[in-house]
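We name chains A, B, ... by the order of the sequence lines, and we start the count at 1 in each one. None of the values given here were measured: they were computed from a predicted structure.
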2 protein chains.
Amino acid sequence: MSFDLDRTDRRILNLLQQDSRISNQALAEKVGLSPPACLRRVRRLREEVIMAEVALINPRLVGRYINVIVEVEMVRDQLDIYDAFKRKMDTIPEVTQCYQVTGEVDFMLILMVEDMESYERFTRQYLSTDANLSKFRTLISLRRDKFSTAIPL
Amino acid sequence: MSFDLDRTDRRILNLLQQDSRISNQALAEKVGLSPPACLRRVRRLREEVIMAEVALINPRLVGRYINVIVEVEMVRDQLDIYDAFKRKMDTIPEVTQCYQVTGEVDFMLILMVEDMESYERFTRQYLSTDANLSKFRTLISLRRDKFSTAIPL
DNA sequence: TAAAATTTGCAATATTATTTCGTTTTAACC
DNA sequence: GGTTAAAACGAAATAATATTGCAAATTTTA
């Protein structure tokens with residue numbers, strides 16, 4: 001399941017998690033390899049552990065000021081009910097994260113919206129009308145103080 | 001504050017949010033521009049709205065199975081207490097996200113850890129010993145069903 | 001310790017990004 | 001509506017970078 005990464009692999013991954021636009025030459029130099037040797041490792045890592053390379057944009061600069069955190073509780077702990085809910089969340093662009101959790105709560109959602117009206121629409125369309133949903137609690141955040149996609153290795 | 005993006009800018013951003021490794025030529029073709037014209041836009045967007053371009057790695061494949069969601073409540077609603085807490089969270093690699101929220105709860109944290117022992121260590125070192133912290137609630141998730149960094153434009 | 005497999009670096013090649021510059025389009029103003 | 005300034009554009013040349021082939025070195029396995 002878990003791949004065995006040596007020290008060099010981990011250094012490469014750490015660097016690419018900070019800046020994937022680094023040139024292969026610069027990367028090779030930083031980890032002490034020749035460009036071809038480095039490239040081969042990067043290619044292998046891209047196949048094995050790197051899911052995607054993406055641009056992160058500043059939400060505030062494109063009008064997504066509001067982070068909404070929603071705790072969702074379903075009526076029954078039933079697999080097909082969970083799966084249906086996940087699948088639905090997966091299709092909604094405002095829902096950026098969805099975690100299935102253990103305990104009283106069943107799901108944790110994180111949404112990014114322009115205004116509260118957008119969130120209202122979301123609750124009406126997807127939460128208040130879901131017969132399998134028992135209750136939900138909403139937390140509003142205007143400050144995303146930390147957002148790191150990097151997993152330190 | 002907010003930059004005005006035309007249709008082409010938005011299409012470029014949407015594509016780069018999905019795959020920033022796309023070649024400038026392919027990108028140019030997709031949005032119907034010449035490579036130089038496209039590159040100029042990308043460069044401007046990188047200065048204005050793109051915060052970073054990063055590799056996303058699969059947490060399960062590097063041993064970070066457990067997502068921990070923590071709701072934190074401080075003893076007093078005081079600015080310097082908040083700021084100190086934020087600054088502390090910022091230094092901890094396991095804390096991948098930190099939101100300041102309104103309502104009963106003051107902060108929402110999302111951590112990624114290898115095992116519960118790591119989380120135990122974290123609580124002892126940073127939560128249980130913080131005199132400004134009144135209480136916290138922990139939710140455990142073994143399933144990150146959705147994790148999207150893209151903001152649809 | 002020897003054989004097999006993997007990883008490496010060098011040099012040649014292929015892609016791709018980037019610059020230059022003249023042209024076209026858009027925007028602002030009279 | 002016509003005129004000018006500014007901004008954005010595309011074609012072609014150039015520069016930078018990634019990529020491949022292959023022999024040598026290293027590591028792993030038996």
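Sorted by first and then second residue, the salt bridge (charged side-chain N to carboxylate O under 4.0 Å, His left out) pairs with a member in residues 116-133 of chain B read B:Lys88-B:Asp130, B:Glu117-B:Arg121, B:Glu120-B:Arg124; sequence neighbours excluded. Listed by first then second residue, pairs satisfying side-chain hydrogen bond (donor to acceptor under 3.5 Å, both in side chains) with a partner in residues 34-46 of chain A read A:Asp6-A:Arg41, A:Asp9-A:Arg41, A:Asp9-A:Arg44, A:Arg46-A:Glu53, not counting sequence neighbours. Under the salt bridge (charged side-chain N to carboxylate O under 4.0 Å, His left out) criterion, the residue pairs touching residues 142-153 of chain A are A:Asp145-B:Lys86, with sequence neighbours excluded.
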### Message
Can you build the contact string for nucleotides 13-30 of chain D? Use B for base contact, S for sugar-phosphate-only contact, and - for no protein heavy atom under 4.0 Å.
### Response
----SSSB----------

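For DNA chain C, if you chain together Watson-Crick or G-U pairs that step i with j, i+1 with j-1 and so on, the runs of at least three with distances under 3.5 Å are C:1-30 with D:1-30.
The footprint of chain B on DNA chain C, defined by a heavy-atom cutoff below 4.0 Å, extends from C:dT16 to C:dT19.
Other members of the cluster containing A:Leu39 do not exist, because no ILVMFWY side chain is joined to it at under 4.5 Å. Other cluster members for A:Val54: A:Leu56, B:Val54, B:Leu56, joined by side-chain heavy-atom distances under 4.5 Å among Ile, Leu, Val, Met, Phe, Trp and Tyr. Summarising the hydrophobic clusters (Ile, Leu, Val, Met, Phe, Trp, Tyr; side-chain heavy atoms under 4.5 Å, direct or chained), the residues clustered with A:Val105 are A:Ile69, A:Tyr99, A:Val101, A:Met108, A:Ile110, A:Leu139, A:Phe147, B:Ile69, B:Tyr99, B:Val101, B:Val105, B:Met108, B:Ile110, B:Leu139, B:Phe147. The hydrophobic side chain of B:Met51 is isolated, with no ILVMFWY side chain under 4.5 Å apart from it.
Residues forming a ring pair (Phe, Tyr, Trp, His ring centres under 6.0 Å) with A:Phe136 (at least two apart in sequence, or on another chain): none.
Near DNA chain D, meaning a heavy atom under 4.0 Å away, there are no residues from residues 7-17 of chain A.
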